[in-house]
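Here the structure comes first, spelled out in structure tokens, and everything after it is commentary.
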Protein chains: 2
Amino acid sequence: MDPLSALQKFREYFERYVPLTDEEWQALSHYLTVDTLKKKKFYVEAGKVCDHIGLVVKGAVRYYHVKDGEEITGYFSFEDEMLSSYKSFLTRTPAANYIQALEDSVIVNLSHKGLQQACMNELLGFKMERFGRLTAEHYLICYEERITAFITQSPEERYSDLLQTGGEALYRIPQHYIANYLGITPVSLSRIRRRIMKISA
Amino acid sequence: MDPLSALQKFREYFERYVPLTDEEWQALSHYLTVDTLKKKKFYVEAGKVCDHIGLVVKGAVRYYHVKDGEEITGYFSFEDEMLSSYKSFLTRTPAANYIQALEDSVIVNLSHKGLQQACMNELLGFKMERFGRLTAEHYLICYEERITAFITQSPEERYSDLLQTGGEALYRIPQHYIANYLGITPVSLSRIRRRIMKISA
DNA sequence: TCAAAACGTTAACAAAAGATAACGAATTTC
DNA sequence: GAAATTCGTTATCTTTTGTTAACGTTTTGA
């Protein structure tokens, strides 16, 4: 993936929230970098401050925590999704989680400093602020729904729903990561799968 | 609680995120209403669009879903916290949940239309946008942490943590609501409480 | 004020999930 | 291309949770 079409993808993503003039885009793109992240490499590591926010233009990453020496995967970002350890990025405190590339990936990054400068930019400030609000709102809604699922649904229901809504991206993820995502063990997910198989068979 | 000091509380809350001149506050307060919500009355009902966002100035509310005829409590807002059925408010779609007063409450409200007007207001627009972003980010972080707890912790750990961080507000809430909040049944929470009692005794 | 409803706990049993280990298959790595 | 690792499933056993029902207590509301 060449840098120019990567940047173009970022522009398309941004303009889904806030339209830009060519001049504004010119100014904004100044603050962006196009980076590659090889499989298994880290976008963020626990204990370090996450200094950027990015858009996955190609590839996929997983978010995970380490508890009692075990990795627990909590989330994924695929093409056309933002990624960051949001709390760390927003509050400038050390991240509690790792973000690691599941595949060779291409990411368009905006550093914390770059974002600050873009927000102070006469031309861009208002639109950056608006983009930030809409992005935060978007994830707020996603998280709200996920919490609701934890409270109102059984693991089996959560998995069934995920199968319906998850799309093909699901098949790129190892089962035991999905189990973590659902809040259960891999062994338990395997049993749920067998139960569902029998019903639908 | 008189309306003026209720509004003053809203200003203080707002200025924790974005400072205002007296003139700006004058303009903003124009869009606000001070409402009372008697115990058991609804701030929002499932199926209806949530048309406002508010600040709890006095009292407390609970958020709940109804599934298979059962109420499942997912969240609470106490004094000095915002409340809204965010997804419904932001996307103008019917709410999936109820919000009900746990106590007689006083709420400073901003309607969707009021917010829009405030955002278009020459004087206020930028600051409203910024307040919206910071508020969304605040809840984003809260939700992120709650999801992490579901994934990485047992119900017992979640309850222990809640006891430490929850403060006195916890004692105003019936146990079975807390059980729902933790994603378990009231019976299960009762057992967890007994286990913890025995350990600390 | 008094009956009704709501609440928290406990018991008994069923169902589900966690922990651990084993196994072959697939994938990775050198 | 061979050895090592990872992965998904299954089995066994233990622990936890869910379900239902009962009970005394507190709170609510007419």
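Chain A is the first sequence line, chain B the second, and so forth, proteins listed ahead of strands; every chain is numbered from 1.
- Counting only distance, with no hydrogens or angles, the side chain of B/Ser105 and the backbone of B/Ala101 share no donor-acceptor pair below 3.5 Å.
- Applying the salt bridge (Lys or Arg N to Asp or Glu O under 4.0 Å) rule to B/Asp51 yields the partners B/Arg92; only residues at least two apart in sequence or on another chain are considered.
- Using a distance-only test at 3.5 Å, with no hydrogens or angles considered, no donor-acceptor pair links the side chain of A/Tyr43 to the main chain of A/Tyr98.
- Within the 4.5 Å cutoff, side-chain heavy atoms of A/Tyr143 are placed close to those of B/Ile147.
- Relative to the six-membered ring of B/Tyr75, B/Arg62 misses at least one condition, a distance below 6.0 Å or an angle of at most 45° to the axis.
- Summarising the geometry of B/Tyr139 relative to B/Met82, their closest heavy-atom pair is OH-N, 3.2 Å, with the distance given to 0.1 Å.
- A straight line from CG of A/Leu182 to P of C/dA17 spans 11 Å, rounded to a whole angstrom.
- Within a heavy-atom distance below 4.0 Å of DNA chain C, the residues of residues 37-45 of chain A found are A/Lys39, A/Lys40.
- When rounded to the nearest whole Å, the span between CZ of B/Phe150 and P of C/dA17 equals 16 Å.
- Between A/Thr152 and B/Lys67, the shortest heavy-atom distance links the atoms O-NZ, 2.8 Å.
- If B/Ser188 and A/His176 are placed on DNA chain D by their nearest nucleotide, the residue sitting closer to the 5' end is A/His176.
- Atom P of nucleotide C/dA15 and atom CD1 of A/Ile192 are separated by 16 Å, given to the nearest angstrom.
- Separation of atoms CG (B/Leu182) and CD1 (B/Ile192) is listed at 7.5 Å; rounding is to 0.5 Å.
- Rounded to 10 degrees, the angle between the two end axes of the helix from C/dT1-D/dA30 to C/dC30-D/dG1 is 70°, with five pairs used at each end.
- First and last contacts of DNA chain D with chain A, using any nucleotide atom under 4.0 Å from a protein heavy atom and ordered 5' to 3', fall at D/dC7 to D/dT12.
- The side chain of A/Arg195 contributes an N or O atom lying less than 4.0 Å from OP1 or OP2 of C/dA17.
- When the side chain to side chain contact (heavy atoms under 4.5 Å, CB included) test is applied to A/Asp68, no partner is found at least two apart in sequence or on another chain.
- Counting only heavy atoms from C-beta outward, the side chains of A/Val61 and A/Tyr63 approach each other to under 4.5 Å.
- The shortest side-chain heavy-atom distance between B/Ile151 and A/Tyr181 does not fall under the 4.5 Å cut-off.
- Both the sub-6.0 Å distance and the 45° axial angle are not jointly satisfied by B/Arg11 relative to the ring of B/Phe14.
- Here C/dA17 presents its P atom at 13 Å from CD of A/Gln153, a figure rounded to the nearest Å.
- Distance, B/Glu70 CD to C/dA6 P: 12 Å, rounded to whole Å.
- Atom CD1 of B/Ile178 and atom C1' of C/dC7 are 13 Å apart (whole Å).
- Nearest-nucleotide assignment on DNA chain D puts the 5′-proximal partner with A/Pro174, out of B/Ile184 and A/Pro174.
- Listed for the A/Lys127 side chain is a donor-acceptor partner under 3.5 Å among the backbone atoms of A/Pro19.
- With rounding to whole Å, A/Tyr177 atom OH is found 15 Å from C/dT27 atom P.
- As a whole-Å value, the separation of A/Asn180 CG from C/dA19 P is 12 Å.
- A salt bridge does not link A/Asp104 to A/Lys40: none of the charged nitrogens lies less than 4.0 Å from a carboxylate oxygen.
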Tabulated below should be each protein N or O lying under 3.5 Å from an N or O of nucleotides 9-14 of chain C; please produce it.
residue	atom	partner	partner atom	Å
C/dT9	OP1	B/Arg193	NE	3.3
C/dT9	OP1	B/Arg193	NH2	3.1
C/dT9	OP2	B/Ser190	OG	3.4
C/dT9	OP2	B/Arg193	NE	3.3
C/dT9	O5'	B/Ser190	OG	3.3
C/dA12	N6	B/Arg191	NH1	3.4

